[in-house]
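Notes to accompany the following structure.
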Number of protein chains: 2
Amino acid sequence: MEIKTAVTSLSALAHEGRLTVFRALVRAGQSGMAAGRIADESGTPANTLSAQLNILSQAGLITSERQGRSIIYSACFDQMSDLIVFLMEDCCAGEACVATSVEAAANRVLCCTTENKELTQ
Amino acid sequence: MEIKTAVTSLSALAHEGRLTVFRALVRAGQSGMAAGRIADESGTPANTLSAQLNILSQAGLITSERQGRSIIYSACFDQMSDLIVFLMEDCCAGEACVATSVEAAANRVLCCTTENKELTQ
DNA sequence: TCGATATTTCAACGATACTGGAAGTATGGA
DNA sequence: TCCATACTTCCAGTATCGTTGAAATATCGA
């Protein structure tokens, strides 16, 4: 990931409203959420939210798809994954303590995912 | 990590100049770099750089220590580690693809660190 | 103590970002 | 075709950010 791309992604996430929206979309998973529902749940006016979604979208962090009158937004994990890897490799290079913590977190996430899959299968 | 803290850290890094400075400090390692040298190498005026360092410092991403007339700045990895873990756990929850990529990156970093240690011992 | 060096703080400005009212566009149903 | 719904775009006001010149502070050596 190039530094300019990283700055764009970081800027998009560096706003409490947008970060909250992004996390809501992460929790919503693959089915995503309609813009209107996000606006309702966050109590943000529709036009303000639209601007926030646009910034996240231009940063490649979310994608949208129209479904009837609604537009469904969902988190796009590729960009987030690239960003995290960039932060770890290019911004913490060679720091074992960071890599160890992060690896442990990755294992916790993988563990939970596996558990969830087992539960839902 | 709380969301406000995350936003502060993300904001501090969401600026090309500041991110470049932070990466330079990461590369400099434990010995750090004097403010003047950072200014020279980045071609940034001293007062502009001072403001940038202040923002990174207030976000807990770097620390400083006076040494004679110089002030030595160095990267503070704890905060960065917390931020990466926050992004992975709270902003990618349950996404195996992210955790897998990140875990692989963590392993690469750990591998390099080990190699470096072997070389320098 | 004085001057040189290293860095920060202050004040002001221009630039950019954020918000929300009003108007515009797209879709589906009557 | 017309209306309601669901969003977006446009625009203007306000707030915040980023940079810089000038002045202040801290340290060291003579």
Side-chain angles (χ1 to χ4, degrees), chain A residues 3-25 28 31-76, chain B residues 3-25 28 31-76:
Chain A
I3 191 163
K4 299 216 182 205
T5 316
V7 169
T8 305
S9 298
L10 290 166
S11 298
L13 296 173
H15 179 281
E16 190 165 347
R18 289 192 299 259
L19 187 53
T20 303
V21 165
F22 183 75
R23 295 212 297 167
L25 290 179
S31 51
M33 273 174 94
R37 208 180 125 214
I38 305 173
D40 286 346
E41 294 195 4
S42 62
T44 313
N47 52 356
T48 300
L49 181 79
S50 185
Q52 296 178 350
L53 289 168
N54 202 37
I55 288 167
L56 287 168
S57 185
Q58 286 198 308
L61 290 163
I62 63 176
T63 52
S64 59
E65 192 189 2
R66 182 175 276 277
Q67 265 184 29
R69 271 182 286 210
S70 296
I71 296 179
I72 309 294
Y73 284 88
S74 20
C76 183
Chain B
I3 190 161
K4 300 217 182 202
T5 317
V7 169
T8 305
S9 299
L10 290 165
S11 298
L13 296 172
H15 178 281
E16 190 165 349
R18 291 192 299 258
L19 186 53
T20 304
V21 165
F22 182 75
R23 296 211 296 166
L25 291 178
S31 50
M33 275 175 93
R37 209 180 125 214
I38 306 173
D40 287 346
E41 294 194 4
S42 62
T44 313
N47 51 357
T48 301
L49 181 79
S50 184
Q52 296 178 351
L53 289 169
N54 200 37
I55 288 168
L56 288 167
S57 185
Q58 287 198 308
L61 291 162
I62 63 176
T63 51
S64 59
E65 193 188 1
R66 181 174 278 277
Q67 266 184 26
R69 272 181 284 209
S70 297
I71 296 180
I72 309 295
Y73 284 88
S74 21
C76 182

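Numbers restart at 1 for each chain; the letters A, B, ... are given by sequence-line order, proteins then strands.
- Taking a 4.0 Å limit (strictly below) on heavy-atom distances, residues 34-46 of chain B reaches DNA chain D at B/P45.
- Looking only at distances, no side-chain donor or acceptor of A/R18 sits under 3.5 Å from a matching main-chain atom of A/L49.
- Within the 4.5 Å cutoff, side-chain heavy atoms of A/L53 are placed close to those of A/I38.
- In this structure, the CD1 atom of B/I71 is 7 Å from the P atom of C/dT7, given to the nearest Å.
- Nearest heavy-atom pair across A/S9 and A/L61 is O-CD1, 3.9 Å.
- For the pair A/L49 CG and D/dT9 C1', the computed distance is 14 Å after rounding to whole Å.
- Under the 3.5 Å distance criterion, the side-chain polar atoms of A/S50 are left unmatched by any main-chain donor or acceptor of A/A46.
- In terms of heavy atoms, A/S74 sits closest to A/G32 at CB-CA, 3.9 Å.
- Neither OP1 nor OP2 of C/dT9 sits under 4.0 Å from any side-chain N or O of B/S50.
- The side chain of B/Y73 places no N or O atom within less than 4.0 Å of a non-bridging phosphate oxygen (OP1 or OP2) of C/dA6.
- Here D/dG18 presents its C1' atom at 14 Å from CG of B/L56, a figure rounded to the nearest Å.
- Set against C/dG21, C/dT7, C/dT19, the side chain of A/A51 has C/dT19 as its closest nucleotide.
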Take B/H15 and B/L19, measure what side chain to side chain contact (heavy atoms under 4.5 Å, CB included) needs, and give me the verdict at the end. CA-CA 6 Å; B/H15 178 281; B/L19 186 53; over 6 Å; no

Starting at the 5' end of nucleotides 23-30 of chain D, put B wherever the base has a protein heavy atom under 4.0 Å, S where only the sugar-phosphate does, and a dash everywhere else. ---SBB--

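- One can place CG of A/N54 at 16 Å from P of D/dC11, the figure rounded to the nearest angstrom.
- The minimum heavy-atom distance linking A/A12 with A/L56 is given by the pair O-CD2, 3.9 Å.
- Following rounding to the nearest Å, A/N47 (CG) and C/dG21 (C1') show an atom-to-atom distance of 7 Å.
- Judged by distance alone, the side chain of B/R23 and the main-chain N or O of B/L25 form no donor-acceptor pair under 3.5 Å.
- Taking each heavy atom of B/L13 and A/L10 in turn, the nearest pair found is O-CD1, 3.6 Å.
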Using a cut-off of under 3.5 Å, enumerate the N/O to N/O pairs linking the protein to nucleotides 12-18 of chain C.
| residue | atom | partner | partner atom | Å |
| --- | --- | --- | --- | --- |
| C/dC18 | OP1 | A/R18 | NH1 | 3.4 |
| C/dC18 | OP1 | A/R18 | NH2 | 3.3 |
| C/dC18 | OP2 | A/R18 | NH1 | 3.3 |

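- Looking at heavy atoms from C-beta onward, B/Y73 lies out of side-chain contact with B/T63 at the 4.5 angstrom threshold.
- Note: CD1 (A/I72) to P (D/dT5) measures 18 Å, nearest angstrom.
- In this structure a side-chain-to-backbone donor-acceptor pair under 3.5 Å is present from B/T20 to B/E16.
- Separating the CD atom of B/E65 from the P atom of C/dT7 is a distance of 14 Å, rounded to the nearest angstrom.
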